[in-house]
Enquirer: 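Shown below is the structure under consideration.
Please read these numbers as outputs of a predicted model, since none were measured by experiment. Each ligand, and each atom within it, is numbered from 1 in the order the structure gives.
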Amino acid sequence: MALGAATVAFTPSVSFSAAHEPVAFVLPALDYPYNALEPHFDSVTMEIHHSKHHAAYVKKLNEAVQNTNYVGLSLEKLLKKIKPTDLAIRNNAGGHYNHSLFWQLLSPKPGAAPESLLKVISENFGSMEDFQDAFTKAGLAHFGSGWVWLVQDKKALRIMTTPNQDNPLMENILEQKKIKPLIALDVWEHAYYLKYQNKRTDYIKAFWQVLNWEAVAKQM
Ligand code: MN
């Protein structure tokens, strides 16, 4: 049954073609218009990022899984099975998962962090401010393209970065097996270059303005 392939845990949308055949992976619609995150994330970047970059990962992922053992797997299951040699699947499945999560965490009207999340962040990092400083530093220190993550590792929270479109669900990156991503930040230049050019610091500052802490808490 290939239906499972159409869903991501956090995007409960299943699409069907005219012939009612399940479509493998689909580009999730955003919950807000492309200009909704202005002035922090500009409209042109959002449109290109979603309708070109993310769409390309979805298209190439569907092409890459054809005639492989990955057909019909949900995205999360697929990510956990990826081998280092499955480069096209690895890059595009990661790209699809990472961006799907990223869009979900952003909002034009971001909610404040619930008390329970603030408490865990303070326990792990000292304070919200200390956490944001550490996360920002990790994002600035990451060389080249990749992602910055806040992950939940059993009860502990930690910050990590991954290169390219890798993510914490790919088991061959990490020894730990039950890591849950809570925050994902895209630090590829395509995410910010039009508006911020080389100023990744300003882009990360803008990210804090549109990060919806309620959505982060829901990931826990
Ligand atoms: Mn991106």
Enquirer: Do you know which of D166, T85, N167, N164 makes side chain to side chain donor-acceptor pair (under 3.5 Å) with R90?
Expert: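 Answer after filtering D166, T85, N167, N164: D166.
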
Enquirer: Short of 2.8 Å from the Mn ion (ligand 1), name each protein N/O/S atom, waters not counted.
Expert: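 Correct list: H49 NE2, H99 NE2, D186 OD2, H190 NE2.
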
Enquirer: Do H54 and H49 make the cut of ring centroids closer than 6.0 angstrom?
Expert: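 Judged by ring-centre distance (under 6.0 Å), H54 and H49 do not meet the cut-off.
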
Enquirer: Could you pull out all residues at least two apart from Q165 that satisfy side-chain hydrogen bond (donor to acceptor under 3.5 Å, both in side chains)?
Expert: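 Listed in chain order: Y57, N98, W147.
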
Enquirer: Are Y193 and W188 close enough that their ring centres sit under 6.0 Å apart?
Expert: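 Y193 vs W188: aromatic centres not under 6.0 Å.
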
Enquirer: So for atom CD, which belongs to E38, do other residues, nucleotides or ligands contribute more than 12 heavy atoms lying within a distance under 6.0 Å?
Expert: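 Yes, CD of E38 has more than 12 neighbouring heavy atoms, counting only those of other groups under 6.0 Å.
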
Enquirer: Would you confirm whether the ring centroid of H99 sits within less than 6.0 angstrom of the ring centroid of H50?
Expert: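 No - the distance between ring centres of H50 and H99 does not fall below the 6.0 Å cut-off.
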
